[in-house]
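Beneath this line is the structure, given in structure tokens, with notes to follow.
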Amino acid sequence: MRPIIRFFIAILLSVLITSPATATDLYSGPGATILVPHFEVDLSDPNGVNTLVTVVNNRPTRTLVHIIMWTDAAAPTVDFDLLLNGSASQIIDIRDLFDGNIPIGHDRNDASQWAGMAFCDLALPLYINPVLTGAKLSRVRDGHTGQDVPSVGGCLGASYGDNIARGYITMDVVNDCSLALTPGETDYIDNVLSADNVLSATVMRIDPTNSQTHSRSALHLRADLSIGLGDRSFWGRYVGMGSTSDHRLPLPNDYLAPFIVGSPVASDTLISAWREAPAQLSGFTCGSPPQLATLAPAIVADSDGVLSAGALDFPLASQHLAVSAATGSTPAGAAYFDLGHTDSQLGDASAQAWLGGVWVDAVGPSLAYPGTPVSSMPVFPPPIQIVEIAHRPDAVPDSDGEWVEIFNPSDSSFDLSGWTLADDAGSYAIAGPLILTPGQRLVLCANANTASNGDFTCDQAWGAALNLGDVSDSLILSHPSLGEVDRVDWDISFPSVDGASLIFTGASDEDNNVASAWMSASTREPSYVGAAGDLGSPGTQGTGQLSSVLIEYFIE
């Protein structure tokens, strides 16, 4: 088995086996609300992409379910009630809804089944398909494809120009019929919602044209009566958390998702994401869907654990994107996403979210899996580089003339207090405060006395803690909590000569631990005092050195 595949499977197993308790509450066991985070239906091609949802009543007595379809910008377009017999299930073909047909359910048109449900009695006679016709059907089809909906004076969803309907679905266990009521109304939360955890559901995305299919569990949101007024809850943002409570457990917002890109077994990994909108949407100017807060870049960890930033954003309430946009040429690894944002209604709490991956093969079945909620996002080791090393001084003894220059190519400042600089035989703890600002170079040295060190200014001296090897050695710069930040391992292949420093000639995003990226200094730069002595540029950009402050550093 190829190492890249072993790595992916190992991460995937950790997603499926070691998810935290909150994730277990969300993904396993029946819930009081079902969330289908994203669906797609090709309205032009009956053999194009479609979504099937199978909902199951896990108790022996009947259950009434209120179902709402939402656009990808969080606008409700249609709602209906579904009656399920005890231990029964119902397959909902989402394409049918866009043809105007609503699932009848079990004994849906038998009035005797609605005894004790006063509002349901008023709804008779019940569904005769197609229920959605005329303006109602146009609202659904146009709303989910990002077209103008005259009844709202604008659009309800994003337009991709492909006539594929997109959005998400919620299913609530309810005590009574609730047509025309939504979670944005107190009456729905207080008098209609039930706290019975009895529903489960699976979602299947099929694409006959491309011979692709995958399925996953929907999100099972459990009700817990201990969640009360003022607590975060799934529907809390819609009604104001201080006024009423739906008792549903909220979703987290930080997720990890393993991925494979461009391998023989998976052409790409698609990421589905759902993000909580600030409020129920009623319409917007076409072409300008409301954008949720821009995310910090995804943090991509490759198979060696090296972190990098990925440019993948999820601006809508519901979307389906290829992870290759974030991972670039990284063939396999894990991507971390912080999908949350804040809203005044939630105070300092972050909005809920969900993320899941689909391992897409060129053709045939693919593997779908939920993202793993994580308590915190990994933090990048600061992109500080060792860019010049004077390990073979000639004008003065090694114990006086050795020095190392470190460079900050990022847009952030760092206090190096507590960082360590180590070689193969010793280690030095940097005393603070020692601030390294954007674009700045600092010099650490053996001796800070300019009268005896070869006439250069040193920002801090390591004394006898280090003794750099002339032919081979290692320099490791480490953060006190994040570990190794940078290292250079030189040997006989490096262009080392007596009386000249080694200069890193690469760009700030290139590997500085290869011999071909270094040269020996050819000039005694002005940062050395005096015309005679060793060559190099301690603390300044010397001949052959690049200086580009081009790395954004995100501090979580």
Side-chain angles (χ1 to χ4, degrees), residues 299 301 304-309 376-391 398-399 401-449 453 456-469 473-490 501-504 506-513 517-518 527 536-541 545 547-556:
I299 299 176
D304 294 322
V306 177
L307 300 181
S308 60
S376 62
M377 301 291 286
V379 180
F380 285 102
I384 308 303
Q385 287 182 313
I386 298 168
V387 294
E388 194 165 1
I389 304 170
H391 64 300
D398 287 3
S399 58
E402 291 181 344
W403 54 268
V404 174
E405 180 184 274
I406 57 177
F407 174 54
N408 177 12
S410 81
D411 60 355
S412 299
S413 295
F414 302 94
D415 184 356
L416 302 187
S417 302
W419 292 38
T420 58
L421 183 67
D423 68 355
D424 287 344
S427 178
Y428 172 70
I430 299 174
L434 184 61
I435 308 300
L436 184 58
T437 60
Q440 185 183 10
R441 301 168 188 269
L442 290 178
V443 177
L444 303 177
C445 66
N447 176 13
N449 188 341
N453 70 4
F456 67 89
T457 299
C458 174
D459 293 289
Q460 195 166 126
W462 64 67
L466 305 180
N467 183 14
L468 306 184
D473 204 345
S474 298
L475 268 177
I476 304 101
L477 182 66
S478 298
H479 185 280
S481 61
L482 300 177
E484 185 175 302
V485 172
D486 191 31
R487 72 180 294 142
V488 179
D489 305 300
W490 68 88
S501 64
L502 278 174
I503 295 174
F504 174 57
S508 52
D509 58 350
E510 294 177 345
D511 187 1
N512 66 341
N513 199 18
W518 293 80
S527 53
S537 56
T540 61
Q541 181 185 355
Q545 282 185 314
S547 178
S548 299
V549 184
L550 46 76
I551 296 176
E552 287 187 284
Y553 180 77
F554 295 91
I555 301 175
E556 189 67 19

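As a basis for the values below, the full set of heavy atoms in this structure was taken, side chains included, without hydrogen atoms, waters or symmetry mates. Here the structure is a predicted model, which means the values were calculated and not measured.
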Q.
According to side-chain hydrogen bond (donor to acceptor under 3.5 Å, both in side chains), who are the partners of S501, at least two apart in sequence or on a separate chain?
A. E388
Q) Between CG of D424 and CG of L466, what distance do you get to the nearest 0.5 Å? A) 10.5 Å
Q.
Quick check against the 3.5 Å criterion: does Q460 have a side-chain atom that pairs as donor or acceptor with the backbone of A431?
A. yes
Q) Any side-chain heavy atom of P382 within less than 4.5 Å of one from N408? A) no
Q. Do H479 and F414 pass the side-chain contact (heavy atoms from CB on, under 4.5 Å) test, and can you show the C-alpha distance, the side-chain angles, and the key distance before you say yes or no?
A. CA-CA 10 Å; H479 185 280; F414 302 94; over 6 Å; no
Q.
For the backbone of A422 and the side chain of W462, can you confirm whether one donor and one acceptor N or O come within less than 3.5 Å of each other?
A. no
Q: Return yes if a side-chain donor-acceptor contact under 3.5 Å exists between N467 and D398, otherwise no.
A: no
Q.
Test of understanding: with side-chain hydrogen bond (donor to acceptor under 3.5 Å, both in side chains), list the residues that count as partners of T457, not counting sequence neighbours.
A. none
Q.
If I take atom OG from residue S410 and atom CD1 from residue I384, how far apart are they, to the nearest 0.5 angstrom?
A. 5.5 Å
Q. Do D459 side-chain atoms and V443 backbone N/O form a donor-acceptor pair below 3.5 Å?
A. yes
Q.
In the structure I gave you, are the side-chain heavy atoms of P438 and S413 within less than 4.5 Å of one another anywhere?
A. yes
Q: Any chance you could lay out the side-chain contact (heavy atoms from CB on, under 4.5 Å) test for D486 and F407, step after step, and finish with the verdict?
A: CA-CA 11 Å; D486 191 31; F407 174 54; over 6 Å; no
Q: Identify the heavy atoms of P433 and S417 that sit nearest to each other, and give their distance.
A: CA-OG, 3.4 Å
**Q.** Distance in Å, L436 CG paired with S412 OG, rounded so as to fall on 0.5 Å steps
**A.** 11.0 Å
Q. Is the closest side-chain heavy-atom distance between W419 and S478 below 4.5 Å?
A. no
Q) Can you tell me if D423 uses its side chain to pair, donor with acceptor, with the backbone of L475 under 3.5 Å? A) no
Q) How long is the gap from CG on L434 to CG on D415, to the nearest 0.5 Å? A) 7.0 Å
Q) Taking atom OH of Y428 and atom CG of L444, what is their separation to the nearest 0.5 Å? A) 7.0 Å
Q. Q440 and I435: which non-hydrogen atoms are nearest, and at how many Å?
A. OE1-O, 3.3 Å
(Q) Under the rule for side-chain contact (heavy atoms from CB on, under 4.5 Å), what residues qualify as partners of S527, not counting sequence neighbours? (A) E525, S537, P538, T540
Q: Using modelled atom types only, decide if a donor and an acceptor are shared between the side chain of N512 and the backbone of I386 within a distance under 3.5 Å.
A: yes
Q.
Any heavy-atom pair between the side chains of Q545 and V387 that's under 4.5 Å?
A. yes
Q: Specify the closest pair of heavy atoms between E510 and F504, including all atoms of both residues, with the distance to one decimal.
A: O-CZ, 4.0 Å
Q | W518 vs V488, side-chain contact (heavy atoms from CB on, under 4.5 Å): CA-CA, chis, key distance, verdict | A | CA-CA 11 Å; W518 293 80; V488 179; 3.8 Å; yes
Q) Is a donor on one side and an acceptor on the other found under 3.5 Å between the side chain of N513 and the backbone of D489? A) yes
(Q) Would I406 and L416 count as a side-chain contact (heavy atoms from CB on, under 4.5 Å) here? Give the steps. (A) CA-CA 11 Å; I406 57 177; L416 302 187; 3.5 Å; yes
